[in-house]
Amino acid sequence: MKIRLSQEAPQEIAADLLVVPRFEADAEVPPPARALDRAAKGLLSRLYATGDVSGKLHECCVVYTQGSVPCQRIMSLGCGKKEAFKLDTARAVIGKMGRALHPRKISRLAILPPGLGLPDLSPQHLAAACVEGLRLGLYRFTEFKTKEEENGRTVPEECVLLLPAAEKLAPIQAAVEESEIVCEAVLLARDLITRPGCSSTPTALAEVALEVGRLAKMSCTVLDRADMEKLGMGALLGVARGSQEPPKFIILEYRGARRKGEKPVVLVGKGITFDSGGLSLKPAASMEQMKYDMAGGAAVLATMQVVGRLKLPLNVVGLVPATENLPSGTAYKPGDVLRSLSGQTIEVLNTDAEGRLILADALAYACRYKPAAILDIATLTGACIVALGDNLIGMLGSDEALQEEVRRAADFSGERVWPLPLWEEFSEQLKSDIADWKNVGSRAAGTITAGMFLSKFVQSYPWVHLDIAGPAWAEKEKPYVPKGASGVGVRLFVEFLKRRASSQAAAGATKTQTKKPT
Ligand code: BES
Ligand code: MN
Ligand code: ZN
């Protein structure tokens, strides 16, 4: 499907279906569709008058124009209450609508972007939201299907976003192109996550990282077992001991900052390509889902791809510790003590708390960059799903300002975060009798003790931990996330980095201004 912009009048566009948004309170046809309504001999106003459509969220009602206008069908798309309409509502209604097109044969789709003209919503953002809704909502994973499915979804060949003639098209076009790049990366993350453990191995992730490095012109280094031994990554290597798949430590380094020597933002993603629990084996029910335990790593690789393609003026490092967690005769055992890269020792009481172990080494490695900020992302605890459900990211950290920065980017992207406290009293649970730390606390506050454990490995750098155990996998489809891998984190990270880049540019500009002689 090609997506393009146009300023044609709705009553003149030749399409198989034209989508006209409608809010609940709209009694009359909204201004952008009035000329269309007149040309179509009052089709929309009569539809509204019947009361058959109410504008409630996600309502889709298709009527046929009988040749009165060049487009064959018009869909009234319910956008809910105007006061509640946000950017994410636009993604949601467009995403769900995209899937509702099937089984109609729509080859040329036209959309009047919902929300145009509402305060605080720019045409750039709304057009990008339409792209996101469509691209992310229509995603399907077909790599392992050998036959065309009988009810396989048909996707339009072209989608035209119709914008008012008064708008300048160039900035909207730029926003759409940027959004396409971000969506491609989100879908890459989804592919990596959806592929089973036998395909998405640490080696496969490393190959993807090398490819990202090549295409996006950044350096990519992949450490193998011997390299990690030399460095002393005993925590990561401990987890990897049970598996025949070689572990990899992936390092992507992007240098885009205008100023030399600028401290990087380091992104760290958990890359457990399959989590069986190890000797502390998980129950059989739903174990297959644990292929998504590398969703954090996938988000980091995908984000790095975007950073490179958008050429963000920042320094960004992506780190992905990648291994399987399996039981075997060589596997690490409950009771084992591991010596981590930081020098601190860890008593393993549960081999299923492996994510924090590989992250401990990755976070210690992140500190070597003397980073401006460290953001880690991980499907770390089942407890986070219990606490926050499957739609929210749990956020913990050491730095209020950084958390606020992440929260803003999260609200904008629709990948929302909610904070949990990281108070020192939770450290008590992690004290070990024979080593520096245990890798698990009691059953209570599992997400917090996991975060507390990670905090021991970040020194005093500004750091935020994101637990995506819930939103990384959709048990049921969501408006713009089909059932399965969501690719959560990519859009949040990209938004965070873009905001950092522009606030730095603004700060730089004021500095040069003040330097100017008067
Ligand atoms: N990968 C899991 C966490 C997880 C569980 C993610 C369910 C997504 C869905 C993690 O490695 C794990 O097993 N955590 C344990 C920690 C416990 C042993 C302290 C958990 O959550 O049960
Ligand atoms: Mn586990
Ligand atoms: Zn895990």
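Atoms within each ligand, like the ligands themselves, are counted from 1 in listed order.
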Would you check the N or O atoms of [X], main chain and side chain alike, for any that come under 3.5 Å of an N or O of ligand 1?
| X | value |
| --- | --- |
| Thr381 | no |
| Tyr292 | no |
| Arg356 | no |

Sidechain N-carboxylate O distance under 4.0 Å for [X], [Y]:
| X | Y | answer |
| --- | --- | --- |
| Glu428 | Lys431 | yes |
| Glu354 | Lys270 | yes |
| Arg408 | Glu404 | yes |
| Glu424 | Lys456 | yes |

Original post:
Can a protein heavy atom be found under 4.0 Å away from atom 22 (O) of ligand 1?
Top reply: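 No; the ligand atom in question lacks any protein heavy-atom contact below 4.0 Å.
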Got the closest protein heavy atom to [atom], with its distance?
| atom | value |
| --- | --- |
| atom 18 (C) of ligand 1 | Asn350 ND2, 3.5 Å |
| atom 19 (C) of ligand 1 | Val440 CG1, 3.5 Å |
| atom 2 (C) of ligand 1 | Asp275 OD2, 3.5 Å |
| atom 20 (C) of ligand 1 | Gly382 N, 3.9 Å |
| atom 3 (C) of ligand 1 | Leu380 O, 3.4 Å |
| atom 15 (C) of ligand 1 | Asp352 O, 4.0 Å |

Original post:
Taking the N/O/S atoms of Glu354 one by one, which is nearest to the Mn ion (ligand 2)?
Top reply: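 Relative to the Mn ion (ligand 2), the closest nitrogen, oxygen or sulfur of Glu354 carries the name OE1.
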Original post:
Which is the closest N/O/S atom of Asp275 when seen from the Mn ion (ligand 2)?
Top reply: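 Result for Asp275 and the Mn ion (ligand 2): OD2.
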Original post:
At a 4.0 Å threshold, what atoms of ligand 1 neighbour a non-hydrogen atom of Lys270?
Top reply: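 That gives atoms 1 (N), 10 (C), 11 (O) of ligand 1.
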Subject >> Element-labelled atoms of ligand 1 that are located less than 4.0 Å from some non-hydrogen atom of Ile385 >> reply: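 Answer, ordered by atom number: 9 (C).
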Original post:
Counting only heavy atoms not in Lys263, do more than 12 fall under 6.0 Å of its NZ?
Top reply: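 Not more than 12 within 6.0 Å, no.
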Original post:
Is the NZ atom of Lys282 crowded by more than 12 outside heavy atoms at less than 6.0 Å?
Top reply: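 Yes.
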Can you measure from [atom1] ([X]) to [atom2] ([Y]) and round to the nearest 0.5 angstrom?
| X | Y | atom1 | atom2 | value |
| --- | --- | --- | --- | --- |
| Asp376 | Leu466 | CG | CG | 6.5 Å |
| Arg356 | Ile346 | CZ | CD1 | 10.5 Å |
| Leu338 | Glu347 | CG | CD | 10.0 Å |
| Met304 | Ile251 | CE | CD1 | 11.5 Å |
| Leu77 | Lys96 | CG | NZ | 11.0 Å |
| Phe426 | Ile448 | CZ | CD1 | 4.0 Å |

Original post:
What pair of heavy atoms forms the shortest contact from Ala299 to Val488, and how long is it?
Top reply: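 Here Ala299 and Val488 meet closest at CB-O, 3.6 Å.
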Subject >> Heavy-atom pair of closest approach, residues Gly451 and Leu422 >> reply: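 So the minimum-distance heavy-atom pair works out to C-CD2, 3.8 Å.
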**OP:** Test Arg499 against Glu405 for side-chain contact (heavy atoms from CB on, under 4.5 Å), laying out the working first.
**Re:** CA-CA 9 Å; Arg499 283 167 185 243; Glu405 213 180 324; 5.9 Å; no
Hey, does [X] sit under 4.0 Å from ligand 1 if you only count heavy atoms?
| X | answer |
| --- | --- |
| Asn325 | no |
| Lys282 | yes |
| Trp473 | no |
| Met290 | yes |

Subject >> Side chain, backbone, both or neither: the part of Arg443 lying under 4.0 Å from ligand 1 by heavy atom >> reply: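 Within the 4.0 Å criterion, Arg443 makes no contact with ligand 1.
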Original post:
Do you know how many protein N, O or S atoms are within a distance smaller than 2.8 Å of the Zn ion (ligand 3)?
Top reply: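 Of the protein's nitrogen, oxygen and sulfur atoms, 4 lie under 2.8 Å from the Zn ion (ligand 3).
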Original post:
Is there a donor-acceptor pair under 3.5 Å between the side chain of Arg91 and the backbone N or O of Ser413?
Top reply: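 Such a contact is found between Arg91 side chain and Ser413 backbone.
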Subject >> Short N/O/S contact of Asp293 with the Mn ion (ligand 2) (below 2.8 Å) >> reply: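 For Asp293, the answer is no, given that no N, O or S atom comes within less than 2.8 Å of the Mn ion (ligand 2).
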